[in-house]
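Right, one structure below, let's go through it.
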Amino acid sequence: MLPHIHVMKPTVISVPAIRPFSFAECLRFLDRQLDDCLHVIDGAAVRKVLTIMDRTILTELTGDDEGVHVRILDDGSGSITHADVRNHVRDLFDMDRDIIPFYELLTEHDDLAYMPKIFRGLRMIGIPDLFEALCWSIIGQQINLAFAHRIKRRLVMDYGSSMIHGGAPHYAFPRAEVLADAKPEDLRAMQLSRSKVDYIIGIARAVAEGKVSREVLRHMEDVAERRRSLMELSGVGPWTANYVLMKTMRDPSSIPHGDAGMIKALVDHGMIADRKDKAGIERFFVRFPGWESYTSFYLWRSLYR
DNA sequence: GTCCAGGAAGAAA
DNA sequence: TTTCTTCATGGA
C-alpha cells in the first residue's frame, strides 16, 4: 500500500463567465461582516467547502472580470471531476447568465441607473444545496441577519463536517440525514424558536427521505407548482419558497414578498412610501419582467454600500 | 419601554 | 378571507 502523498502543486481550475462579471463585486457581497461560517474571506480570496454530489472538497476561490479560479486545497475522497467543480462554481456565481438585458432595464430607471455602474458584474450568489437554503431561510425568518448567522454557526459547528486548512476548520452545512435525528432540545438550545426547531427537523426528514430535492422540483411542470410544493412544507411560507426558488432553483422571476431588507431598499430608493404598500411593490416589479430575482438581489446589495 | 430585523402558523374576527 | 398573536433574541 502506497503512502498518501500530498500533491505539491495544487490543481487550479479556471471557470470563465459571460461578461460582465466581477469577482470583486461577488466577494463584496460575501464579505458583509456577518460572520458567515460557510466561507472564509482571506484578502481577495474566499475559501469554501463545496458539497458536490454528496461529497465535499475544500477550495480557494479567486477571480477577476473574466471568471473564477478554483484552487483545490483538499479534494476529499478525490472522486470529484474538474467538470463537476466547474459546473458547481458556474451555478454558485450564476456565471452563464447574460445580464446585459437586466442592466438595460436598470439603466432605463432614473433611480436605479447607478446600479449597473456601481455593482457592475455582481452575480446572484446562489445556495446550490436545497436543504441548506431551506434551513437558512427558516433560521433567518423575522430576526436580524447577525443573529441568524450566529444561530447558523452553532448549528453548523455541531452538526456539519469540516476540513482543516492552515490549522483552521472550514465547514460544510449539515446533511439532512444528520439533522433528521437531532434532538429538539439541542436545537432549541441554539436559540432557535420551538417552531423553527420543528420546521427544520421536519424538513430534514423530508429531504432525507427523498421527498424533497432539486431533482424532484426540477421535474415539476412550472414555477407555480414548485412554489406550491415547497409551501406544503411546514415552516415554508411565501417568502421562504421564493427565496429558495431564487437562490437554489435559479428562477429569474421569484420575488421574496414581504422581505424586510427588500422593502427597506424600496423605501430608501423612494419606490414606495409605506412599507406595507403591496400594490406599489407590484407596480415597481412590473418594470423588470424576467429579472425580478436579480432586481431583488441588487436591492439587497444596495443596503451594504 | 418600543420597534424592527432578509416570516410563518394558528387563532380569532 | 383578512387580521391579530405568538415566537426568539439583540440592537437601535
Side-chain angles (χ1 to χ4, degrees), chain A residues 26 28-39 119 122-127 129-130 132-155 173 182 184-204 206 212 227-251 253-269 271-279 281-282 284-285 292-305:
Chain A
C26 293
R28 173 69 187 81
F29 188 81
L30 290 172
D31 189 13
R32 286 175 290 163
Q33 318 299 325
L34 287 168
D35 191 33
D36 193 320
C37 58
L38 294 179
H39 59 255
F119 306 150
L122 171 65
R123 298 310 180 111
M124 189 167 70
I125 315 295
I127 303 179
D129 177 24
L130 176 65
E132 176 190 336
L134 284 165
C135 290
W136 171 233
S137 50
I138 285 169
I139 292 170
Q141 287 169 6
Q142 186 54 24
I143 59 176
N144 65 73
L145 277 177
F147 182 39
H149 278 89
R150 284 204 297 278
I151 294 174
K152 183 170 82 166
R153 176 173 286 279
R154 297 185 191 115
L155 189 70
F173 195 80
E185 57 267 34
D186 291 342
L187 298 186
R188 177 67 191 83
M190 297 175 176
Q191 295 181 293
L192 284 162
S193 66
R194 275 180 290 277
S195 298
K196 288 182 180 180
V197 169
D198 293 340
Y199 301 157
I200 287 172
I201 291 178
I203 287 169
V212 186
R227 184 176 293 114
R228 279 196 301 276
S229 173
L230 286 167
M231 287 177 62
E232 285 175 5
L233 297 166
S234 183
V236 178
W239 178 83
T240 302
N242 285 314
Y243 182 90
V244 169
L245 288 171
M246 285 175 60
K247 300 277 280 187
T248 302
M249 303 309 292
R250 293 296 185 186
D251 177 61
S253 301
S254 288
I255 302 168
H257 289 292
D259 182 88
M262 180 186 78
I263 293 172
K264 181 184 188 316
L266 288 174
V267 172
D268 289 349
H269 284 82
M271 300 298 104
I272 54 173
D274 182 356
R275 292 198 308 108
K276 51 182 177 60
D277 179 10
K278 293 183 179 179
I281 295 174
E282 287 302 320
F284 168 79
F285 276 102
E292 291 87 346
S293 301
Y294 252 88
T295 303
S296 304
F297 191 74
Y298 269 54
L299 287 170
W300 280 336
R301 172 63 181 86
S302 74
L303 298 170
Y304 301 97
R305 289 230 274 164

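Chain letters run A, B, ... following the sequence lines, proteins first, then strands; residues in each count from 1. These figures come from a predicted structure and were not determined experimentally.
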* Do we see a donor-acceptor contact under 3.5 Å between the side chains of A:Asp251 and A:Ser254? -> yes
* To do: Check the distance between B:dC4's C1' and A:Asp259's CG and give it to me in whole angstrom.
  => 13 Å
* Describe the nucleic acid contact of A:Ser137 in one word from base, sugar-phosphate, nothing, applying a heavy-atom distance below 4.0 Å. => nothing
* To do: Within residues 293-305 of chain A, find the residues that approach DNA chain C with a heavy atom at under 4.0 Å, and present them sorted by residue number.
  => none
* **Heavy-atom check, side chain of A:Asp36 versus side chain of A:Lys152, under 4.5 Å** => yes
* Asked: Is any side-chain N or O of A:Gln142 under 3.5 Å from a base N or O of B:dA5, one able to act as donor and the other as acceptor?
  -> yes
* Tell me whether the OP1 or OP2 atom of C:dT6 has a side-chain N or O from A:Ser195 closer than 4.0 Å. => no
* To do: Could you check whether A:Arg32 gets within reach of a base, just the sugar-phosphate, or nothing at all, counting any heavy atom under 4.0 Å?
  => base
* Asked: Do the two ring centres, one from A:Phe297 and one from A:Phe29, sit under 6.0 Å apart?
  -> yes
* Asked: OH of A:Tyr294 to CZ of A:Arg123: how many Å apart, nearest 0.5 Å?
  -> 5.0 Å
* Structure fact -> Among the nucleotides B:dA9, C:dT9, B:dG7, whichever has the atom closest to the side chain of A:Gln191 is C:dT9
* Given B:dG7, B:dC4, C:dG10, the nucleotide with the shortest approach to the side chain of A:Phe147 -> C:dG10
* Asked: Side chains of A:Gln191 and A:Arg150: is there a donor and an acceptor less than 3.5 Å apart?
  -> no
* Asked: Nearest nucleotide by nearest heavy atom, which residue falls closer to the 5' end of DNA chain B, A:Met231 or A:Ile143?
  -> A:Ile143
* Asked: With rounding to whole Å, what would you report as the distance between C:dT2 and B:dA5 at their P atoms?
  -> 24 Å
* To the nearest angstrom, how far is A:Leu34 atom CG from B:dA5 atom C1'? -> 12 Å
* May I ask you to verify if any side-chain N or O of A:Arg275 is less than 4.0 angstrom from the OP1 or OP2 atom of B:dA5? => yes
* So, A:Ser293 versus A:Arg250: side-chain donor-acceptor pair below 3.5 Å or not? -> no
